[in-house]
Amino acid sequence: MKLPNNSHSGIKIYCKKCRQNNTGCRHIDHQVFRMCFIDRVTGKHRSKLLKSKVYADAVIEGIEFRRRIENGVEETVPDRMKMNIAEALVYFDQYLKGETQYAHLKKEVSDKHRKELIKYCTLFAKSLKNNHNLRKMKPGDVRNNDVSIFYRQLEIKYPHPKTFNKVLTSITSFYKFLIEIEELDIKNPFKNCIRKQVLTGDNLILTKDEFEKIIAAVESKSSFQQTRTNGRRDYVYATWMVNAFKLFLLVGGRREEVLSLKWDDIIQGNNGVLFFQFRNLKVERLGNKNTPKKYSPINEDLMKLLKEMGYDQMKGKNVKLIDPENTYTINTIMEKVSRSFTHFRKAAGIETPFTLKHLRKTYLTWVFHTMGSDTRLLSSHTSMKVLENHYINPLLLNVEEEKLMKVKVFG
């Protein structure tokens with residue numbers, strides 16, 4: 001579709017796939033004319049997707065729409081009870097963006113999480129498209145056979161149990177939105193889907209010797225990682241990489257938390273103890289903007305590292321500890337550090353499949369050795385169950401369990 005020169009004011013070409021005006025894309029089957037203007041009475045932006053595919057007819061339709069609005073004749077609100085699968089996905093996406101018509105039900109999630117949810121829901125829609133007309137099919141028309149077909153496809157596409165379960169949970173959330181927010185009188189066909197069992201594993205932790213070998217490899221081994229199918233080699237070294245690995249081991253925070261730390265995030269408590277103060281980003285993104293900040297005490301080992309990094313000169317400055325020149329975005333640096341750790345672990349000849357996250361597991365396991373069940377207060381987990389299942393190595397005894405080793409039956 002094209003607009004003529006000197007086209008009528010407000011007439012745009014809207015792509016339903018790109019969800020933007022005048023994109024210049026080639027999604028011909030998804031393009032329609034759209035009338036946009038500012039209501040002179042309310043000052044609000046008004047728009048409407050026009051039915052006509054012919055420009056001249058679309059102009060007439062657009063002018064009539066504007067006339068009706070300016071004369072106070074409201075357009076008929078679409079009946080959401082009649083929405084099809086595609087329309088339902090659009091409403092779900094708007095809800096996740098916080099663009100719902102219900103002020104008291106605004107949802108706030110990260111853009112990354114929203115895109116992931118929509119991606120998995122779209123995957124289900126594509127599965128339905130093989131046997132149904134999505135323009136006519138409503139969410140309530142989905143039957144067990146449709147779910148069964150998708151379930152089998154999912155087992156092939158995402159064989160890993162964790163990802164497999166995540167897809168099912170995403171679509172379950174989509175239907176929960178339709179039932180609880182849009183109040184559709186339908187059943188959730190994914191509610192009782194059998195999830196795959198996720199094995200918790202052994203919660204591997206690094207030994208001192210293994211960690212030192214990785215640190216040594218950073219300075220002595222090749223920094224080129226060949227992982228691309230086209231043979232491209234990525235350079236994974238940075239001058240601050242060793243300090244980054246040590247910070248992960250001694251702070252025990254999540255990736256973004258550690259890599260966002262600044263020198264002025266170091267504060268002093270009433271008893272003179274120094275702490276790192278940082279935002280609990282994971283909890284914040286669940287929608288709680290009033291989440292209290294996290295505090296990680298700076299022990300002797302961590303202070304020694306900070307002094308090596310220039311603590312006496314840098315304390316109190318609004319400068320990041322890692323990548324102080326802000327060469328990379330936070331997403332890029334997180335990916336770079338993760339890939340670098342795996343590369344140098346392999347270069348060090350360590351076959352145990354450690355990744356960057358195992359530094360956090362190592363830290364929390366040793367904290368558990370000292371603090372026992374109070375460890376969750378430092379890790380910001382709601383219960384010890386998560387820590388025990390996914391973080392703490394069961395072969396390292398905590399202080400209470402060490403006392404049991406001294407017990408002698410019958411004295």
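The chain is numbered in sequence order, starting from 1.
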J.: With a 4.5 Å limit on heavy-atom distance, are the side chains of Tyr55 and Ile11 in contact?
T.: yes
J.: Quick one: are the ring centres of Phe245 and Phe211 less than 6.0 Å apart?
T.: no
J.: How about Asn22 and Lys12: does a side-chain donor come under 3.5 Å of a side-chain acceptor?
T.: no
J.: Between Ser340 (side chain only) and Lys336 (backbone N and O only), is there a donor and an acceptor less than 3.5 Å apart?
T.: no
J.: Taking atom types as modelled, find out whether Glu61 and Ser52 have a side-chain donor-acceptor pair closer than 3.5 angstrom.
T.: no
J.: To check you understand the geometry: which heavy-atom pair defines the closest contact between Met241 and Tyr237, and what is its length?
T.: CE-C, 4.5 Å
J.: Can you find a heavy atom in the side chain of Lys307 that is under 4.5 Å from one in the side chain of Met303?
T.: yes
J.: Would a 4.5 Å heavy-atom cut-off, applied to side chains only, mark Tyr363 and Phe248 as touching?
T.: no
J.: Taking all non-hydrogen atoms of both residues, which atom of Met83 and which atom of Lys138 are closest, and how far apart?
T.: O-CG, 3.5 Å
J.: Can you sort out the partners of Asp29 under salt bridge (charged side-chain N to carboxylate O under 4.0 Å, His left out), two or more places apart, ordered by chain and number?
T.: none
J.: Hey, is the main chain of Gly140 close enough, under 3.5 Å, to the side chain of Arg143 for a donor-acceptor pair?
T.: yes
J.: Does some side-chain heavy atom of Lys315 sit less than 4.5 Å from a side-chain heavy atom of Ile266?
T.: no
J.: Would you confirm whether Lys53, through its side chain, and Gln31, through its main-chain N or O, come within 3.5 Å as a donor-acceptor pair?
T.: yes
J.: Would you check if the side chain of Asn165 reaches a backbone N or O of Lys196 as a donor-acceptor pair within less than 3.5 Å?
T.: yes
J.: May I ask you to check whether over 12 heavy atoms, not counting those of Asp185, lie within 6.0 Å of atom CG?
T.: no
J.: Mind checking whether Tyr151 and Phe164 have ring centres under 6.0 Å apart?
T.: yes
J.: Using modelled atom types only, decide if a donor and an acceptor are shared between the side chain of Glu87 and the backbone of Asn84 within a distance under 3.5 Å.
T.: yes
J.: Quick check: does any side chain N or O of Asp323 sit under 3.5 Å from a backbone N or O of Tyr328, one acting as donor and the other as acceptor?
T.: yes
J.: Is there a donor-acceptor pair under 3.5 Å between the side chain of Thr362 and the backbone N or O of Leu206?
T.: yes
J.: Yes or no on side-chain hydrogen bond (donor to acceptor under 3.5 Å, both in side chains) for Lys262 and Asn318, after CA distance, side-chain angles and deciding distance?
T.: CA-CA 6 Å; Lys262 298 179 180 179; Asn318 185 28; 3.1 Å; yes
J.: Is there a donor-acceptor contact under 3.5 Å from the side chain of Arg255 to the main chain of Met334?
T.: yes
J.: Please determine whether side-chain contact (heavy atoms from CB on, under 4.5 Å) holds for the pair Ile186 and Ile179, giving the CA-CA distance in whole Å, both sets of side-chain angles, and the decisive distance to 0.1 Å.
T.: CA-CA 7 Å; Ile186 60 177; Ile179 295 168; 3.8 Å; yes
J.: Under the salt bridge (charged side-chain N to carboxylate O under 4.0 Å, His left out) test, which residues partner Arg66, sequence neighbours left out?
T.: Glu70
J.: Kindly indicate whether the side chain of Ile298, heavy atoms from C-beta on, has any atom under 4.5 Å from the side chain of Tyr311.
T.: no
J.: Closer than 3.5 angstrom, by distance alone: can the side chain of Arg339 be matched with the main-chain N or O of Val337 as a donor-acceptor pair?
T.: no
J.: Any idea how His30 and His27 line up, ring-wise: parallel (<30°), tilted (30 to 60°), or perpendicular (>60°)?
T.: perpendicular
J.: Do side-chain atoms of Arg345 reach the backbone of Ile214 as a donor and acceptor pair under 3.5 angstrom?
T.: no
J.: Flag the pair Asp111 and Arg114 as a salt bridge only when some basic side-chain nitrogen lies within less than 4.0 angstrom of an acidic carboxylate oxygen.
T.: yes
J.: Do you know the tightest heavy-atom contact between Lys213 and Ala348?
T.: O-CB, 3.6 Å
J.: Quick check on the 6.0 Å ring-centre criterion: do Phe124 and Phe174 meet it?
T.: no
J.: Quiz question: by atom type and distance under 3.5 Å, do the side chains of Asp141 and His132 form a donor-acceptor pair?
T.: no
